[in-house]
Amino acid sequence: MSASSDAHVATAPAFARIAPFAVFMAFVAILSWPEGPTSHLSQADIRWLVILRAVAVAGVLGIFWRHYVELHEAPALRVPEWLLAVGLGVLVFAAWITFDHGWFAFDSGQGFSPLRPDGRIDPMLAMLRLAGFALLVPVMEELFWRSFLLRWIDKREFLKMDPRHASMAAFAISSALFASEHSQWFAGLLAGLAYGWAYMRTGNLWVPIVSHATTNGLLGIWILATGNWKFW
């Protein structure tokens, strides 16, 4: 096999896992740019851009879905793995609503509010936001942070890397970078360590995905119940 063929083999799987995350972060950058193209939009328009972000990420995941062999070929989760995933997800949720102030977190702004002008929750906005938060984000982020980056740090042809053999350096670096993506960096670090450990322990990406989805699902429900929109 030629050098160019080797590069293609290594690059194509990486691109399939980077692309959804890159689209997500591009929307984040645009929405947080004070003088950017969204600066003249109303709060209602910006909320629908957040929903569009989820739709765009879903579209990219759909385009590359056949490439995610770690999802298609993974064995079904056994009961202990379900318990591990859900248990970790609950613990991370608890950390998220506990370490939300002081040096544990940076200023996160106002967040996403699904309230109508009359102060009531818009059901469609709330459910669309919750679906993206609890279903799409865990798949997109675990494909990037755990399936790709955790293994890529140790081996450029990362699909040949058994996550159960990943180094502690890869575990620490990927978890720290995951934390840097979140305004609640300390809770993000704990989450990255928990999800990474679950992946390295089981070798099945569905375990951290289920764990991540549990955290986000509980957090989304808690946000809607308490009105703590900054967490969104």
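Salt-bridge check for Arg47 with Asp122: failed, with every basic side-chain N at 4.0 Å or more from each acidic carboxylate O. Using a cutoff of 4.0 Å between basic side-chain nitrogens and carboxylate oxygens, Arg17 and Glu141 are not scored as salt-bridged.
Between the CG atom in Leu150 and the NZ atom in Lys155 there is a gap of 14.5 Å [rounded to 0.5 Å]. Expressed to the nearest 0.5 Å, how far CZ of Phe231 lies from CG of Leu219 amounts to 7.0 Å. In this structure, OG1 in Thr214 is found 11.5 Å from CZ in Phe93, a value given to the nearest 0.5 Å. For the atom pair CZ (Arg53) and CG (Leu136), the distance works out to 10.5 Å, reported to the nearest 0.5 Å. To the nearest 0.5 Å, atom CG of residue Asp154 and atom OG of residue Ser167 are 3.5 Å apart. Considering CG of Leu88 and CG of Leu190, their distance stands at 11.5 Å, rounded to 0.5 Å.
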Would Asn204 and Thr202 satisfy side-chain hydrogen bond (donor to acceptor under 3.5 Å, both in side chains), going step by step from the backbone distance to the final call? CA-CA 5 Å; Asn204 190 331; Thr202 64; 5.9 Å; no
ask   = Does the side chain to side chain contact (heavy atoms under 4.5 Å, CB included) test come out yes or no for Ile173 and Leu149, once each step is laid out?
value = CA-CA 9 Å; Ile173 292 170; Leu149 189 64; 5.8 Å; no
For side chain to side chain contact (heavy atoms under 4.5 Å, CB included), just list the numbers for Ser147 and Tyr199, CA-CA rounded to whole Å, side-chain angles, deciding distance to a tenth of an Å, and then say yes or no.
CA-CA 8 Å; Ser147 175; Tyr199 188 36; 4.3 Å; yes
Subject >> Verdict with reasoning, Gln184 to Leu189, per side chain to side chain contact (heavy atoms under 4.5 Å, CB included) >> reply: CA-CA 9 Å; Gln184 291 174 238; Leu189 178 61; over 6 Å; no
(request) Take Thr215 and Tyr195 through the test side-chain hydrogen bond (donor to acceptor under 3.5 Å, both in side chains) and record every step on the way to the result. (result) CA-CA 11 Å; Thr215 298; Tyr195 304 150; 2.9 Å; yes
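The two residues Ile121 and Leu115 make their nearest non-hydrogen contact at CG1-CD2, 3.7 Å. Closest approach of Pro114 to Trp232, counting heavy atoms only: CG-CZ3, 4.2 Å. Minimum interatomic distance between Glu81 and Leu77 (heavy atoms only, all atoms of both residues): OE1-CA, 3.4 Å. In terms of heavy atoms, Asn216 sits closest to Ala134 at CB-CA, 3.9 Å. Residues Ala85 and Ser211 approach most closely at O-OG, 3.0 Å, considering heavy atoms. Of all heavy-atom pairs between Phe133 and Gly220, the closest is CE2-N, 4.0 Å.
Under a hydrophobic clustering in which Ile, Leu, Val, Met, Phe, Trp and Tyr are joined whenever their side-chain heavy atoms come within less than 4.5 Å, directly or via other members, Tyr68 and Val207 fall into the same cluster. When hydrophobic clusters are built by joining Ile, Leu, Val, Met, Phe, Trp and Tyr residues whose side-chain heavy atoms come closer than 4.5 Å, directly or via intermediates, Ile18 is grouped together with Phe158. Both Leu159 and Phe144 are members of a single hydrophobic cluster when ILVMFWY side chains are connected at heavy-atom separations under 4.5 Å. Note: the hydrophobic cluster containing Ile221 does not contain Leu135 (ILVMFWY, side chain heavy atoms under 4.5 Å, direct or indirect links). Under the 4.5 Å side-chain heavy-atom criterion for ILVMFWY residues, a single connected hydrophobic cluster contains both Val137 and Val90.
Between Val139 and His212, every side-chain heavy-atom pair lies at or beyond the 4.5 Å cut-off. Side-chain contact between Leu143 and Glu70 is present, with heavy atoms from C-beta onward closer than 4.5 Å. With a 4.5 Å cut-off on side-chain heavy atoms, Val50 and Phe27 do not count as touching. Inter-residue side-chain proximity for Pro163 and Arg151 is flagged as met; some heavy-atom pair is nearer than 4.5 Å.
A cation-pi arrangement is present between Arg146 and Phe178, with the terminal nitrogen or guanidinium carbon under 6.0 Å from the aromatic centre and inside a 45° cone about the axis.
The neighbour count for Arg201 CZ, taken as heavy atoms of other residues, nucleotides or ligands under 6.0 Å away, does not exceed 12. Counting heavy atoms of neighbouring residues, nucleotides and ligands inside a 6.0 Å radius, atom CH2 of Trp82 does not exceed 12 of them.
Between Phe112 and the choices Ile51, Ile46, Leu31, the side chain to side chain contact (heavy atoms under 4.5 Å, CB included) rule is met once, by Ile51.
Within the 6.0 Å centre-distance limit, the rings of Trp96 and His182 are counted as a close aromatic pair. Ring pair Phe21/Phe148: centre-to-centre distance not below 6.0 Å.
Not a single donor-acceptor pair under 3.5 Å links the side chain of Arg164 to the backbone N or O of Gly203.
Taking the six-membered ring where tryptophan is involved, the planes of Phe99 and Phe186 are perpendicular, since the angle between them exceeds 60° and thus also 30°.
In this model, a donor atom of one side chain and an acceptor atom of the other lie less than 3.5 Å apart for Glu181 and Trp145.
For His72, the ring-ring contact (aromatic ring centres under 6.0 Å, His included) partners two or more places apart in sequence, or in a different chain, are Trp65.
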